[in-house]
Amino acid sequence: MNLLLCFTLLIFCFRFICPLLETAALSIETDKQALISFKFQLSVESPNSLSSWDQSSSSPCNWTGVSCNRFGQRVIGLKLSRFGLSGSLSPNIGNLSFLQSLELQNNQLTGTIPEEICSLSGLRVLNLSSNSLQGSIPLNVSKLTELRILDMSMNQITGRIPVELTSITTMQALNLGRNLLSGTIPPSIGNLSSLETLILGTNSLSGMIPSDLSNLRNLKVLDLTINNLTGTVPSTIYNMSSLVDLALASNQLWGKIPSDIGETLPNLLVFNLCFNKFTGTIPGSLHNLTNIKVIRIAHTLLEGTIPPGLGNLPFLEMYNIGFNRIASSGYNGLGFITSLTNSTRLRFLAFDGNLLQGVIPESIGNLSRDLLKLYMGGNHIYGSIPASIGNLSSLTLLNLSYNSITGEIPTEIGQLENMQELVLAGNRIAGRIPDSLGNLQKLNQIDLSGNELVGRIPTTFGNFHSLLSMDLSKNKLNGTIPKEILRLQSLSMNLNLSNNFLSGNLSEGIELLDSVVIIDLSSNLLSGNIPGSLKNCKSLEEFYINRNTFSGPIPSSLAEMKGLEILDLSYNNLSGSIPLDLGKLQALQSLNLAFNDLEGVVPCDGVFTNLSRVQLEGNLKLSKQTPCHNSQARGRKQIKVYIIILIVVTLALCFSAGSFFYIRRNKEKIAQSPSSIKEQHQLVSYHELRQATGNFNDQNLIGSGSFGSVYKGCLGDGSDVAIKVLDVKQVGFKKSFVAECEALRNVRHRNLVKLITSCSGVDFKNEEFLALVYEFLGNGNLEDWIKDKRKKEDGDGLNLVERLNVGIDVASAIDYLHHDCEVPVVHCDLKPSNILLDEDLTAKVGDFGLARLLMEELGDQTSISSTHVLKGSIGYIPPEYGLGVKPSTAGDAYSFGVLLLELFTGKSPIDESLMGEQNLVGWVQSAFPGRILQVLDPELLLLMDNLSHDGRTINSEVQRECAITVLGIGLSCTASSPDSRISMRNALRKLKAARDNLLNHVPMLKGF
């Protein structure tokens, strides 16, 4: 009987269980092969990361990052976050048919999202965030019917949000933020009834916010920041009682904030509506949200007063209502500060740029001990600074600028040991600068300009070991410049001591400022000789010592300051001749020697070739003739002899010249190859660049273009650089590399991005690797500023003066390329994304991948006209290029004109709203000049209301006239016929004249 039972069981095993085991073995083999294919298309930063992924292994269930179910031995989870993976996603990943979780975030994955992923019907978590994925979201994503979490944020995904996505009713979290998505928000997202998190911020979405979103009764996080959304916020959104985080900042939304918002959104922790056009007042009920942590409604059009109730916010961490029209009056106009002392977790407080009046209460010292940043500038605050402010021990930034504050600087500010930025400019602060400020050893910036400070500059300022910028200008300081300041090796941005009563000389110590870019000592009582040791200030680009009493000769050693761009020595007692070597300063753009006692002849090289950039008036002993004039006179006397000699020699030279030209042309073709570029400067290796960028980590990616990607990196010497890695798979990559090197190797201008070095070699895959290393500019590109994706530290965009300065900077660079280079250069791709801004908002032109040298164009008949290849970007390409005309300076002028119109209207030439118009040029032309306000950027119009310069307001009518002039220049540059366009030199002259007219018609503010 027992034998019969055993035999029966044995037959059962062979017949039923064994096939199941065999099927399971085949299934796990399928998973293993899918994972091997997945690994094959990737490269890993650390080879040991996936060392356990071995083909010979029987099962992948023990591999790193892989998890399997308990019984079927199938792969259900793949978690490889922060593994340094690069390369593209294999379509074979769709063979992991039991996969429930795919987490590949924080890598460097590229390429598109394979549609095969959407066949993983059991997938619940799909996280591909923080990579460099491109393309659009697959339309068959609707097959992921079990999906709970979808996170594709921080990639380069384009296209629209597919409506198919909204059929996944199981979705709980949808994060598509920080991509390049366009189009409108599908109203059907309101059908995702389980959704708790919806993040679509930092894209290019347009249209109105669908009221259907209010159907999401479980929604806790709604983030639509930094898009192009318009219209009013649907009232039903404000009734979503489940919301914890409501962020709609940086759009073009308008309307009023409901008065009952405190009752309808009882769970709100984050409220962010800044950088929109909301009107009305701050709802008092907002201050009744006792659990709220963040309130940000800065940079809108709110008015009225600050409502009571601030004392009800114990968990508040950020309160930012800066740059509105909020007002208060009377001595106790800042009494709300006392209420905020109950918010013991407050870290950020900003109410700058409003109409608040009153004195700073002593209770300010009772604010949170965690307070890091305090912005109070640009109001009507008067009285003195309370000593209690020294109690805010965590404070890193204090800005009280441009008020009417009097009294003295409290010595207690010296107790704020964590202070990094102290700005008290534009007040009426008197007395001496307290020595205790020298205790602020972490200070990066100090600005005490435009006050009534007296006495000497404290020697304790020598303790500022981290200081980058110091501005003590426009005060009544006296005494000598302390040697301790001249020894501040960290000082690298700006030293401005102008418009004081400082005396003494610069004979000792000035050469120690070898890192500073701008030194302004003008309008003081300084005397003695200009020290020759100034030549050691190798980084100096602007040097002003005008309106002092310096005497003696101009040191010839100044000619060794190769980076000098502006030199102003006017209104002194300088004597002797002008050093001829000053003409060798190729970077020098402006030289002012007016009203001295100089004599002799004027040099004729460098900056002296264009006397519009040199001021010499008031030097009565200077000869009217330059050495060039003298040599020309001598030449005329001997011309007859030369003619005879030339006639005899010319015939002999013809044959030699022809041979020489043939040989030289062949050499130049060879010189254009990347191998010759290697000899121009010391190269860096692929390994060095790999280390500098953290293996080209996506977190260091700062942009991408038609020929590659740009990364921020830190070289071995500690310098920050921008590294442009060319895509060697892109057609024409090598030509772009050569063009960029050729265009930049012999040019230098303050408004051109500096090319530091290059890399030509092979990467770890033994594939060709080409890269260009530039100076790093930390304020991004102009396109981001125009689209409001970047703001200044005070939260503002670019005002009229700053936009005009940017236009002048760009025009200066292109004018230099066209007229002042040995071989004229045409940029061919001038657009906002190729204009970079430094920390001082100085604009610099970059990306010369399409640049052309005009001399070579004339000698090479097989170039652009024969290939009919359009050079440039859509919207900025001049019309004649479409007919096969070669690149020209007139073509650059057209691109600049479009850029100028975009800068002042905020409207891209390919903006969807222009589809019905002729183009951006036609749109502006239709409103010019009578309806000009209708085309100006709304952000620019908002900033016009309170525009000031050097503490003085600028009349609105003068601003309007300036805007008309600038747009007129843009239209003159974009004439349809190249012959009808103004040159870049003429455009630059007109822009500078517009700026002078704007700033010279500035009426005084009351009280100044």
Side-chain angles (χ1 to χ4, degrees), residues 45 82 84-86 105-110 129-134 153-156 177-180 202 226 444 468 492-493 515 517 539 681-727 736-737 740-741 744 751-761 763-764 769-785 787 789-793 832-849:
E45 181 177 348
R82 300 185 186 277
L85 306 177
S86 59
Q105 64 269 29
N106 293 292
N107 286 293
Q108 295 100 44
L109 299 173
T110 55
S129 62
S130 300
N131 282 286
S132 298
L133 297 171
Q134 300 174 327
S153 61
M154 298 181 68
N155 281 285
Q156 300 171 34
R178 299 187 68 177
N179 278 290
L180 303 172
T202 315
I226 313 181
N444 294 325
L468 303 176
S492 58
M493 292 173 57
S515 299
V517 173
S539 299
H681 42 251
Q682 186 174 358
L683 300 179
V684 293
S685 68
Y686 166 79
H687 178 69
E688 288 175 287
L689 297 186
R690 185 169 173 267
Q691 284 188 324
T693 59
N695 195 29
F696 302 103
N697 192 305
D698 184 55
Q699 293 182 350
N700 291 322
L701 183 68
I702 56 178
S704 57
S706 57
F707 284 98
S709 301
V710 182
Y711 296 85
K712 179 183 179 182
C714 183
L715 298 179
D717 61 2
S719 59
D720 288 337
V721 292
I723 301 167
K724 179 178 178 180
V725 179
L726 275 74
D727 183 359
S736 171
F737 180 73
E740 199 143 3
C741 290
L744 291 177
N751 297 119
L752 294 177
V753 178
K754 296 176 183 176
L755 176 64
I756 298 174
T757 184
S758 65
C759 175
S760 177
D763 60 16
F764 65 92
F769 179 87
L770 294 177
L772 297 162
V773 182
Y774 294 94
E775 64 174 326
F776 177 74
L777 302 175
N779 250 327
N781 64 55
L782 183 59
E783 183 179 42
D784 287 343
W785 284 87
K787 292 183 176 180
K789 293 184 177 181
R790 274 188 176 267
K791 299 286 184 181
K792 292 178 289 186
E793 288 187 0
S833 60
N834 289 339
I835 309 300
L836 303 179
L837 302 180
D838 68 9
E839 297 298 328
D840 296 324
L841 296 180
T842 299
K844 301 194 178 189
V845 179
D847 201 342
F848 284 74

Q.
Taking the side chain as everything from C-beta on, heavy atoms only, tell me whether Cys759 gets closer than 4.5 Å to Leu770.
A. no
Check whether Asn751 reaches the backbone of Ala843 with its side chain - one donor and one acceptor, N or O, closer than 3.5 Å.
yes
So CG of Asn781 and CG of Asn834: to nearest 0.5 Å the spacing works out to 8.0 Å
Practice problem: Anything under 30° is parallel, anything over 60° is perpendicular, the rest tilted; go ahead and classify Phe769 against Phe696. | Solution: tilted
Exercise. Just by modelled atom types, is the Pro832 backbone N or O under 3.5 Å from a matching donor or acceptor in the Trp785 side chain?
Worked result: no
Under a 3.5 Å distance rule, please check whether Asp784 uses its side chain to pair with a backbone N or O of Arg790 as donor and acceptor.
no
Applying salt bridge (Lys or Arg N to Asp or Glu O under 4.0 Å) to Lys791 and not counting sequence neighbours gives Asp788, Glu939
Does NZ or CZ of Lys712 fall inside the cone over Phe776's six-membered ring, less than 6.0 Å from its centre and within 45° of the axis?
yes
Return yes if some donor-acceptor pair links the side-chain N/O of Glu688 with the main-chain N/O of Ser685 below 3.5 Å, else return no.
yes
- Query: Given the rule in the side-chain contact (heavy atoms from CB on, under 4.5 Å) test, do Lys844 and Asp838 qualify, once you have shown the distances and angles that lead to the verdict?
  - Reply: CA-CA 8 Å; Lys844 301 194 178 189; Asp838 68 9; 4.3 Å; yes
ask   = Side chain of Gln108, backbone of Asn697: donor and acceptor closer than 3.5 Å?
value = no
Expected output: side-chain Asn131 to main-chain Asn107 donor-acceptor under 3.5 Å | yes
State whether the side chain of Asn700 and the backbone N or O of Thr693 hold a donor-acceptor pair below 3.5 Å, judged by distance alone.
yes
